[in-house]
Amino acid sequence: MPQQITDQFRRLTGTYPDGAWFAPGRVNLIGEHTDYNDGFVLPFALTSGITVAARRREDERLVFNSSSESEPVTLDLASLRGAAPEQFPGWYAYPAGVFWALLRDGHPVHGMELAFDSDLPVGAGLSSSAALCCATIAAVAELSGLDLDPLQRATIARRAENDYVGAPTGFMDQAASTLCTAGHALLLDCRDNSSEQVPLDLPGSGLELLILDTRTPHNLVDGAYAERRRSCERAAEALGMRSLREVDDPSAVAALTDPLLRRRARHVVTENARVLESVGLLRESRVAALAPLLDASHASMREDFEITVPTVDLAVDTARSAGALGARMTGGGFGGCIIALCPVGSVESVARAVADAFADAGFGAPQWFTAEPAQGAHRLPGPTSRTEFHLAAHR
């Protein structure tokens, strides 16, 4: 178990945890705003995410600690019971929402003390909030003895975000954080939540995936994201469909008389097709052939779904001109990260070209790293009880 989270827990609480758990952030290789339209997405888990150390309490108090906050937050489980539970502001609404969702389902959860740490940039579109919920449920499920499979855990995490926090996210973020396996992308069918692990061998293809954070923060609990979702629902209704997933032929959206709805629907329908084409290429180990699909996805988000911003567009255009095979924005939009598929050895020069372009445009400096598909939420190795922690610390 990483010593950092153990030491943090001891420093904040004065005792040892019962264990530590990790839930990753995610990058969506392709498939934006298709999840809440019952469509297809293709994310993979990152090595970065949220770590939580936790111990069970004998009372019904919840104590949330964070490495980024100076004071803990204390709640009572009673405040989360009932038809109108108390709503809490701030970051701790997410773990509180997990307890709320579990209680609503009748699960016997216990009071707990939890300490969170993160190495994910907040607001970058890498699903830090979903990772926070998924790390919480991993800890709570084990310490409360709940038999919940990964899909159930992802569903509860989504309810925490949607119904308690009020973030209108789809299911992709939570599913990626729980279901992904190392070396694979996750093909998720958001109509029935069926999934398939699809091999994504970047090194074997002589490629690296650059993740570049434009450091343009966004907030999914806002009107712009919700408006896109409503537009998709209106477009589906106008086409006589339950969802845009049912539209198989992209030319069918021409029947929409409202030009705004036509553009929104066209993005979703063509993006679903790009996801399935990408999966076919990965099954054939043709990773480099994803490049034009990444480019087309970005153009669709920019022109039809209108969710890109100047920093993101500049980063994508510069990455391509600097040697990336293909690039696009990833995440919900209005800021956040881009991904760029690069030949091995070219990531640093591509990223520095973007940084120079940002400086010339008067934008803040971006941050970047490379990513390979990692494991979903799991318990971290190490001592499994407070007694074992104590013994290990004194060996």
Side-chain angles (χ1 to χ4, degrees), residues 23-36 41-50 91 94 118-133 161 165 167-177 185 209-229 267 271 294-295 297-320 324 326-342 347 350-351 354-355 357-358 361 363-371:
R26 64 98 186 100
V27 162
N28 192 23
L29 190 61
I30 197 163
E32 301 300 351
H33 289 263
T34 50
D35 56 348
Y36 57 78
V41 292
L42 193 63
F44 66 85
L46 295 168
T47 56
S48 300
I50 304 290
W91 69 271
Y94 292 91
S118 172
D119 59 357
L120 275 174
V122 177
L126 300 178
S127 297
S128 57
S129 59
L132 178 56
C133 290
E161 288 203 67
V165 178
T169 66
F171 188 56
M172 173 182 63
D173 298 348
Q174 301 84 8
S177 191
L209 193 69
L210 167 68
I211 313 296
L212 185 139
D213 181 6
T214 66
R215 305 187 76 182
T216 311
H218 63 184
N219 184 354
L220 296 188
V221 192
D222 64 11
Y225 188 98
E227 185 278 328
R228 298 306 186 280
R229 186 165 186 160
H267 165 73
E271 188 80 343
L294 301 182
D295 293 344
S297 175
H298 186 79
S300 182
M301 289 186 286
R302 182 185 64 233
E303 297 164 13
D304 281 344
F305 225 63
E306 299 177 289
I307 54 174
T308 69
V309 293
T311 50
V312 165
D313 290 331
L314 178 60
V316 165
D317 292 342
T318 304
R320 290 187 190 125
R328 73 177 196 91
M329 184 189 70
T330 185
F334 312 105
C337 289
I338 72 156
I339 60 173
L341 193 62
C342 302
V347 161
V350 170
V354 176
F358 272 36
F363 297 144
Q367 295 180 335
W368 63 85
F369 59 95
T370 58

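No experiment lies behind these values; they were computed from the predicted model shown.
- Taking the side chain as every heavy atom from C-beta outward, Ile307 and Val312 never approach each other to under 4.5 Å.
- Take Glu306 and apply the salt bridge (charged side-chain N to carboxylate O under 4.0 Å, His left out) test, not counting sequence neighbours, and it matches Arg263, Arg264.
- Side-chain atoms of Thr308 and Asp313 form a donor-acceptor pair, as typed in the model, at a separation below 3.5 Å.
- Residues meeting the side chain to side chain contact (heavy atoms under 4.5 Å, CB included) test with Asp119, sequence neighbours left out: Ser48.
- For Thr47, the side chain to side chain contact (heavy atoms under 4.5 Å, CB included) criterion is met by Ala374, not counting sequence neighbours.
- Under a 3.5 Å cut-off, the side chain of Arg229 and the backbone N or O of His33 do not form any donor-acceptor pair.
- Under the 4.5 Å side-chain criterion, counting only non-hydrogen atoms from C-beta, Thr370 is not in contact with Ile211.
- Between the Ser177 side chain and the Pro24 main chain, a donor and an acceptor come within less than 3.5 Å of each other.
- Of all heavy-atom pairs spanning Leu120 and Ala131, the tightest one is CD1-CB, 4.3 Å.
- When side chains are defined from C-beta on, Leu46 counts as touching Phe369, because their heavy atoms get closer than 4.5 Å.
- Side-chain contact between Ile339 and Leu29: present, with at least one pair of heavy atoms (C-beta onward) separated by less than 4.5 Å.
- Using a 4.5 Å heavy-atom cutoff, the side chains of Trp368 and Asp213 are not in contact.
- Under the salt bridge (charged side-chain N to carboxylate O under 4.0 Å, His left out) criterion, Asp304 pairs with Arg266, sequence neighbours left out.
- Thr214 places no side-chain N or O within donor-acceptor distance of the main-chain N or O of Cys337, the cut-off being under 3.5 Å.
- For the salt bridge (charged side-chain N to carboxylate O under 4.0 Å, His left out) test, no residue two or more places apart in sequence or in another chain qualifies with Arg215.
- A donor-acceptor pair under 3.5 Å is formed between the side chain of Glu271 and the backbone N or O of Glu32.
- In this structure Ala176 satisfies the side chain to side chain contact (heavy atoms under 4.5 Å, CB included) test together with Arg26, Pro43, Cys180, sequence neighbours excluded.
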